[in-house]
Amino acid sequence: MSDLGSGDEGSSSQKYHQGMEQGSSEYDPGQQGQVEQELATKMLQIQSKRFYLDVKQNRRGRFIKVAEIGADGRRSQIFLALSTAAEFRDHLSAFSDFYSSLGPPNPDNVPEDGKLKSEMMIKDNRRYYLDLKENSRGRFLRVSQTITRGGPRSQVAIPAQGMIEFRDALTDLLDEFSTDEHAYKPDLPEGRHMHVDNKNFYFDIGQNNRGVYMRISEVKTNFRTAITVPEKSWPRFRDILADYCDKIKQPSTTGTVPGTGTGQANVGGGGISSDQPHPLVGNNTQQDTGTSLK
DNA sequence: GCGGCAG
């Protein structure tokens, strides 16, 4: 439940600077889906059902909520990352092509399970099953979303006759909202907070059009500074830190005075002075990671 | 005016 769409639409609770004042960016389930915006919505009437396609956005990224309202008012919904929605759209084309190639339902030749064609999509820990099925009511595309095997599933069923209309609506939304760097947003790890003496350190993971980065902030009462570390250099940061940790905790092997620098001259092998430019310095386009002061 | 049997 830790990513797309908390399902709490219209939540009005907004906390700013969360994680900074509260130091709660770690393991806090109460902050999902805040500042959720609805960017667009489309309604489709397909036979007896209404479908709402909502493009939404929270600080984890953009996603599409597909809600089905049955004639009896029954409501079910699934969530799709924009990248998954694009994949789904492409599948819809194939499903509708297949559907239009089918002859009339033959009562004597009912497929086992009623499944005519199936696809599966995987996005992180979510699986989406697309099944063109057939029952006494007719043909329909069942789209079910599960998080864990055997766990709860949510699903919608689109009458086969409406697949094209559905695909076109989805295409419209994707064309408008899936353009730039929002197109693909992998789930990012949660941020963390560390308190030591009178200092607070925040580790926030973010992403912009140059990739994933970690922003390490040092925060005191009236002082704040941060560095932004591109994801690809995390291992080198780790190695350098680990080297220093090893050197500092074994003073007896290098001398009697710890941390004097003996044996440390080549720590990192000169890797600190990177041969690469700083790709993220001065970048103002990154999304708010929660601790950034706006 | 519906109504959709797992993963």
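None of the values given here were measured: they were computed from a predicted structure.
- As rounded to whole Å, 16 Å separates atom C1' of dG7(B) from atom CD1 of Ile78(A).
- Between Met163(A) and Ser96(A), the shortest heavy-atom contact is CE-CA, 3.6 Å.
- Within residues 157-164 of chain A, the residues having any heavy atom under 4.0 Å from DNA chain B are, by residue number, Ala157(A), Pro159(A).
- Looking only at side-chain heavy atoms (C-beta outward), Val156(A) and Gln77(A) stay at 4.5 Å or farther from each other.
- With centroids closer than 5.5 Å and planes inclined by less than 30 degrees as the test, Tyr129(A) and the base of dG7(B) pass as a stacked pair.
- Distance CZ (Arg74(A)) to C1' (dG1(B)): 18 Å, rounded to an integer number of Å.
- Taking every heavy atom of both residues into account, Ala160(A) and Tyr99(A) meet most closely at CB-CE1, 3.4 Å.
- Glu134(A) has its CD atom 22 Å from the P atom of dC2(B), to the nearest Å.
- When each of Asn135(A) and Leu130(A) is assigned the nucleotide of DNA chain B bearing its nearest heavy atom, the one mapping closer to the 5' terminus is Asn135(A).
- Taking a cutoff of 4.0 Å between a charged side-chain nitrogen and a carboxylate oxygen, Lys42(A) and Asp172(A) qualify as a salt bridge.
- Note on ring orientation: taking the six-membered ring where Trp is involved, the planes of His193(A) and Tyr202(A) are parallel (angle under 30°, cut-offs 30° and 60°).
- In this structure, Lys133(A) atom NZ and dC2(B) atom P are separated by 21 Å, rounded to whole Å.
- Using a cutoff of 4.0 Å between basic side-chain nitrogens and carboxylate oxygens, Lys117(A) and Glu119(A) are scored as salt-bridged.
- Between the C1' atom of dG3(B) and the CD atom of Gln45(A) lies a distance of 14 Å, rounded to the nearest Å.
- For dG7(B), its base never sits under 3.5 Å from the side chain of Thr146(A) at any donor and acceptor pair.
- For the residue pair Tyr213(A) and Arg215(A), no side-chain donor N or O sits within less than 3.5 Å of a side-chain acceptor on the partner.
- Contact check, Arg139(A) against dG4(B): no side-chain N or O comes under 4.0 Å of OP1 or OP2.
- Across Arg153(A) and Ser144(A), no two heavy atoms sit closer than the pair NH2-OG, 3.4 Å.
- Between the side chain of Gln47(A) and the base of dG3(B), at least one donor-acceptor pair of N or O atoms lies under 3.5 Å.
- Note on Gly138(A): a base of the nucleic acid sits closer than 4.0 angstrom, heavy atoms only.
- In this entry the distance linking CG of Leu132(A) with P of dG3(B) reads 20 Å, nearest Å.
- As rounded to whole Å, 9 Å separates atom P of dG4(B) from atom CD of Glu68(A).
- A donor-acceptor contact under 3.5 Å links the side chain of Arg142(A) to the base of dG7(B).
- Taking atom CD1 on Ile46(A) and atom P on dG4(B), their separation rounds to 17 Å, with Å as the unit.
- Nearer to the 5' terminus of DNA chain B, by closest-nucleotide assignment, is the contact made by Arg137(A) (compared with the other of Ser144(A) and Arg137(A)).
- Contact annotation: Lys49(A) side-chain N/O to dG1(B) OP1/OP2 distance is not under 4.0 Å.
- Using a 4.0 Å heavy-atom distance criterion, Arg127(A) is classed as making no nucleic acid contact.
- Here the nucleotide nearest the side chain of Phe140(A), chosen from dC5(B), dG7(B), dG4(B), is dG4(B).
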